[in-house]
Amino acid sequence: MKEKELLKNPAKLREERYNYAVGVAADLFLEKGIDNVKMTDIADNCGIGVASLYRHFETKTEIVIRAGQILWERVNVDFLKYMDKGNTENGLDRLVYLLGYFKKVYGSKKSFIKFLDDFDRLMLAEKIEAERLEGYGKSIVNFYDPIYAAYEMGNHDGTIRKVNDLKIVYYAITHSLMALCQKFIRGAILSDDQTSLGEKEIDKLLEMTAAFLAA
């Protein structure tokens with residue numbers, strides 16, 4: 001929409017400015033980390049005064065939550081492309097391929113993984129109510145449906161055994177993969193924490209998952 005048309009529609013203009021500020025904030029959080037970005041930094045990069053920014057967002061936490069939604073939306077686009085590229089012969093291979101997206105994210109979106117870690121810590125520290133995170137929760141990529149489809153495919157072609165509660169298995173695996181990614185992104189603490197082994201440990205977890213589910 002052209003600037004003249006936006007000026008004739010104040011509500012649309014506010015929405016455009018709001019979305020622009022969120023996009024700028026999201027990029028800054030990825031680049032510098034949530035803790036290292038101030039509201040003045042976001043305002044400066046938007047080319048507006050900080051008072052104007054506060055008219056859109058009462059607190060920095062509010063813009064962090066909205067930025068999280070934007071970042072998940074970007075990942076969703078990337079995941080859909082990843083799904084389409086998968087060339088697998090059976091359900092088990094398809095399921096493991098889909099879970100392998102975590103390895104792709106670890107390799108190419110480390111700043112996003114760090115953002116998620118920082119995001120969780122901030123929400124817990126500020127005791128943010130679940131109601132305020134509903135929009136964020138809905139924006140998180142739905143990995144379950146395609147994984148369930150691969151599971152059903154594997155049951156049909158005989159490569160995957162039936163499990164009692166697939167959702168529990170799904171959460172156990174995806175939470176473990178994400179926690180492993182976040183651990184290596186944070187960096188080594190003990191001498192045994194060799195961050196160079198991150199991808200190998202992810203591969204091993206995927207291998208263990210395949211062994212557990214194989215018929």
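By convention here, the first residue in the shown sequence is residue 1.
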Worksheet item: Looking at Arg121 and Asp35, does any basic side-chain N land under 4.0 Å from a carboxylate oxygen?
Response: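 Looking at Asp35 together with Arg121, the answer is no, because their closest N to O distance does not fall below 4.0 Å.
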Practice prompt. Taking only Lys NZ, Arg NE, NH1 and NH2, and the carboxylate oxygens of Asp or Glu, determine whether Lys104 and Asp78 approach each other closer than 4.0 Å.
Written response: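 Result for this pair is yes, salt bridge flagged.
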Item to complete: Please say whether more than 12 non-hydrogen atoms of neighbouring residues, nucleotides or ligands are located less than 6.0 Å from CG in Asn87.
Response: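 Open.
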Practice prompt. Please check if atom CD in Glu58 has more than 12 non-hydrogen atoms from other residues, nucleotides or ligands closer than 6.0 Å.
Written response: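 Check fails, neighbour count at 12 or below.
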To the nearest 0.5 Å, tell me how far [X] [atom1] sits from [Y] [atom2].
X: Glu62; Y: Phe57; atom1: CD; atom2: CZ; value: 6.5 Å
X: Ile34; Y: Leu28; atom1: CD1; atom2: CG; value: 12.0 Å
X: Leu180; Y: Glu199; atom1: CG; atom2: CD; value: 11.0 Å
X: Arg94; Y: Glu152; atom1: CZ; atom2: CD; value: 14.5 Å
X: Glu201; Y: Ser176; atom1: CD; atom2: OG; value: 12.0 Å
X: Leu30; Y: Asp27; atom1: CG; atom2: CG; value: 6.5 Å

Residue pair [X] / [Y], side-chain heavy-atom distance below 4.5 Å:
X: Lys85; Y: Tyr97; result: yes
X: Met123; Y: Thr61; result: yes
X: Glu89; Y: Asp157; result: no
X: Phe184; Y: Ile202; result: no
X: Glu73; Y: Ile140; result: no
X: Phe79; Y: Val105; result: no

Side-chain heavy atoms under 4.5 angstrom apart, residues restricted to Ile, Leu, Val, Met, Phe, Trp, Tyr: same cluster for [X] and [Y]?
X: Val169; Y: Met208; value: no
X: Leu116; Y: Ile70; value: yes
X: Tyr101; Y: Met83; value: yes
X: Met153; Y: Tyr82; value: no

Taking all non-hydrogen atoms of both residues into account, name the closest pair between [X] and [Y] and its distance.
X: Ala26; Y: Arg74; result: CB-NH2, 4.4 Å
X: Ala21; Y: Ile42; result: O-CG2, 4.1 Å
X: Leu98; Y: Ala150; result: CD1-CB, 4.2 Å
X: Arg132; Y: Ile65; result: O-CG2, 4.1 Å
X: Leu177; Y: Leu99; result: CD1-O, 4.0 Å
X: Leu53; Y: Ala43; result: CD2-N, 3.9 Å

Discussion item. Please confirm whether the ring centroid of Phe143 lies under 6.0 Å from the ring centroid of Tyr170.
Written reply: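 Between Phe143 and Tyr170, the centre distance exceeds or equals 6.0 Å.
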Practice prompt. Would you please indicate yes or no on a ring centroid separation below 6.0 angstrom for Tyr144 and Tyr171?
Written response: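 No, too far apart.
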Practice prompt. Would you verify whether the NZ or CZ of Arg161 falls within 45 degrees of the ring axis of Tyr151 while also being under 6.0 Å from that six-membered ring's centre?
Written response: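 Judged by the rule (NZ or CZ under 6.0 Å from the ring centre, within 45° of its axis), Arg161 is not positioned above Tyr151.
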Discussion item. Whether Lys110 engages the ring of Tyr106 as a cation-pi pair (distance to the six-membered ring centre under 6.0 angstrom, angle to the ring normal within 45°) should be assessed.
Written reply: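 Judged by the rule, Lys110 and Tyr106 form a cation-pi pair.
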Check: [Y] main-chain N/O paired with [X] side-chain donor or acceptor under 3.5 Å:
X: Lys81; Y: Asn76; answer: no
X: Ser139; Y: Trp72; answer: no
X: Asn45; Y: Asp41; answer: yes
X: Asn155; Y: Ile160; answer: yes
X: Lys138; Y: Leu133; answer: no
X: Ser52; Y: Ile48; answer: no

Practice prompt. Would you check, one step at a time, whether the test side-chain contact (heavy atoms from CB on, under 4.5 Å) holds for Asp118 with Lys114?
Written response: CA-CA 6 Å; Asp118 292 344; Lys114 184 179 186 306; 2.7 Å; yes
Worksheet item: Taking it one step at a time, do Lys204 and Glu207 satisfy salt bridge (charged side-chain N to carboxylate O under 4.0 Å, His left out)?
Response: CA-CA 5 Å; Lys204 184 58 65 176; Glu207 182 183 318; 3.4 Å; yes
Discussion item. Working note: Val163 + Leu213, criterion side-chain contact (heavy atoms from CB on, under 4.5 Å); need CA distance, chi angles, decisive distance, verdict.
Written reply: CA-CA 8 Å; Val163 296; Leu213 290 173; 3.9 Å; yes
Item to complete: Go through Arg186 and Gln182 one step at a time and tell me if the side-chain contact (heavy atoms from CB on, under 4.5 Å) criterion holds.
Response: CA-CA 6 Å; Arg186 285 194 295 269; Gln182 289 176 334; 3.8 Å; yes
Discussion item. Parallel, tilted or perpendicular, judged at 30° and 60°: which one describes the rings of Phe119 and Phe115?
Written reply: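 Geometry flag for Phe115 against Phe119: tilted rings.
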Item to complete: Before giving the answer on side-chain contact (heavy atoms from CB on, under 4.5 Å), spell out for Ile63 and Met39 the whole-Å C-alpha distance, their side-chain angles and the decisive distance to 0.1 Å.
Response: CA-CA 9 Å; Ile63 199 169; Met39 290 293 273; 4.3 Å; yes
